Amino acid sequence: MSEKKLVFSGVQPTGNLHLGNYFGALRNFVSLQRKIKCIYCVVDLHAITVFQKPNELRENVLETVASFLATGLNPDKSIIFNQSSVSGHAELAWILNCVSRIGWLNRMTQFKDKAGSDKEKASVGLYIYPNLMAADILLYKATHVPVGADQKQHLELSRDIAQKFNNDYNCEDFFPLPEPLIQKNISRVMSLRDGTKKMSKSEESDFSRINLKDSADDINKKIKKAKSDSEPIPDNIKSLEKKPEALNLINIYSEVSKINLDKAINEMSGKEYSFLKTKLAEALINEIVPVGKEIKKLLENKPHLEQILEKGSEKANIIAEENLKNIREKVGLI
Ligand code: AQP
């Protein structure tokens with residue numbers, strides 16, 4: 001990647017960071033940090049689109065920073081900060097609210113999923129969340145955004161907003177059109193209880209996900225209880241696709257063992273799911289338990305985590321202010 005490229009991504013501090021966040025986002029963040037300038041944000045303004053208890057939110061912001069560090073992000077290489085500490089995010093979001101179209105937002109499937117059947121009662125913030133996400137990215141003129149497959153639609157909207165801004169204000173190429181970087185092997189980790197739903201922090205049952213802070217015992221129990229199938233493991237992907245829970249377990253196994261899906265299916269075909277589950281739990285314990293221990297250790301020194309945020313916010317603010325100055329000028333704001 002050339003020097004002009006810039007990565008931006010965010011994680012909501014809504015607690016319980018899980019295997020989906022780890023495979024879909026965090027592991028990718030770390031490998032990108034080695035090649036390119038990266039900005040990683042704890043998106044607290046996104047979190048409050050659904051009510052958060054203030055004390056829990058504060059704790060979760062620090063826990064998210066601890067999770068960033070524990071998975072290998074380095075604050076000397078990447079800018080790590082929290083969204084609300086750089087007011088440019090909210091200011092640009094307002095400008096983009098005026099660029100984005102209601103018809104575009106009405107197509108966002110995540111709003112439909114999260115608002116549920118009673119949309120009238122969802123917060124306005126939840127509805128315009130994708131415009132804030134576009135502002136997060138465009139404020140830094142980021143070119144690449146590592147996300148899980150669930151965020152693809154929001155990222156396409158960010159591109160549409162960037163394009164419309166460039167057209168409306170007659171400034172071709174002012175905002176780059178950000179490209180998603182989605183993990184090829186496992187772009188969407190599914191719930192351990194329902195293979196058709198993504199693994200999620202807000203899912204009520206803790207047995208639906210592997211949290212980064214889970215103990216070896218938790219992981220063993222959750223994998224043992226994970227929904228699978230009564231027939232032996234098939235030898236081809238087509239048959240597996242008809243069994244979403246089984247496919248999810250094999251997908252996770254291939255990702256955590258760093259082997260491709262074909263090789264994982266070869267290794268497991270004809271075996272009972274109990275065999276896969278034992279191997280999977282073992283591999284997950286090796287990968288996740290050390291991360292969880294590191295998160296807990298880092299959380300013992302909260303002033304250190306706050307200092308990382310403060311320094312990161314200073315750096316982010318310099319880039320944001322410089323870009324905002326040009327954005328205000330383009331729009332005609334004095
Ligand atoms: N199940 C998943 N598989 C792959 N990637 C995932 N991500 C989230 N879930 C999965 C990716 O993790 C990054 C951070 O996500 P987020 O926490 O900011 O928001 P989210 O996508 O809304 O995650 P959750 O777990 O579903 O949170 P709640 O339940 O609070 O809404 C993103 O890049 C996301 O794609």
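It should be emphasised that the depicted structure is a prediction, and the values quoted were computed from it without experimental measurement. Note that ligands are numbered from 1 as they come in the structure, with each ligand's atoms numbered from 1 the same way.
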Element-labelled atoms of ligand 1 that are located less than 4.0 Å from some non-hydrogen atom of Asn21
7 (N), 8 (C), 9 (N), 12 (O), 13 (C), 14 (C), 15 (O), 17 (O)

Lys277 charged N/C atom sitting above Tyr273 aromatic ring, 6.0 Å / 45°
no

Which residue supplies the protein heavy atom nearest to atom 27 (O) of ligand 1, what is that atom called, and how far is it?
Lys201 NZ, 3.6 Å

Report yes if some heavy atom in the side chain of Leu155 is under 4.5 Å from a heavy atom in the side chain of Arg159; otherwise report no.
no

Any luck finding a side-chain donor-acceptor pair between Tyr40 and Gln33 under 3.5 Å?
no

Could you list which atoms of ligand 1 come closer than 4.0 Å to a heavy atom of Arg188?
3 (N), 4 (C)

His154 pairs by side-chain hydrogen bond (donor to acceptor under 3.5 Å, both in side chains) with which of Glu156, Gln151, Lys152?
Gln151

Donor-acceptor pair between Ser85 and Ser313 side chains, under 3.5 angstrom:
yes

Just checking, Lys330 and Tyr169: is the charged tip under 6.0 Å from the six-membered ring centre and within 45° of the axis?
no

Filtering Met199, Gln110, Met190, Lys114 for the heavy atom nearest atom 22 (O) of ligand 1 leaves Lys114

Out of Gly148, Pro13, Ala149, the nearest non-hydrogen contact to atom 33 (O) of ligand 1 is supplied by Gly148

When you compare the side chain of Pro180 with that of Val145, does any pair of heavy atoms fall below 4.5 Å?
no

Heavy-atom contacts with Gly24 under 4.0 Å: which atoms of ligand 1 show up? List them by number with element.
4 (C), 5 (N)

Find out whether Glu282 and Ile285 are in side-chain contact, i.e. whether some heavy atom of one side chain is under 4.5 Å from a heavy atom of the other.
no

Among protein heavy atoms, which lies nearest atom 1 (N) of ligand 1, and at what distance?
Val189 O, 2.8 Å

Is the closest N or O pair between Val43 and ligand 1 shorter than 3.5 Å?
no

Among Ser9, Gly20, Gly15, closest by heavy atom to atom 2 (C) of ligand 1 is Gly20

For Ser202, which part has a heavy atom under 4.0 Å from ligand 1: side chain, backbone, both, or neither?
both

Enumerated ligand 1 atoms positioned under 4.0 Å from heavy atoms of Ala25:
12 (O), 13 (C), 33 (O)

Among Asp113, Asp150, Val145, Val147, whose heavy atom sits nearest atom 34 (C) of ligand 1?
Asp150

Numbering as shown, the atoms of ligand 1 that approach Thr14 to under 4.0 Å (heavy-atom distance)
30 (O)

Min side-chain heavy-atom separation Gln12-Lys201 under 4.5 Å
yes

Nearest non-hydrogen atom to atom 24 (P) of ligand 1 belongs to which of Gln12, Lys198, His154?
Lys198

Taking the non-hydrogen atoms of His18, is any one of them nearer than 4.0 angstrom to ligand 1?
yes

Would Lys37 pass as a cation-pi partner of Tyr140, given that its NZ or CZ must be under 6.0 Å from the six-membered ring centre and within 45 degrees of the axis?
no

Can you tell me which portion of Glu203 lies within the under-4.0 Å heavy-atom range of ligand 1? Options are side chain, backbone, both, or neither.
neither

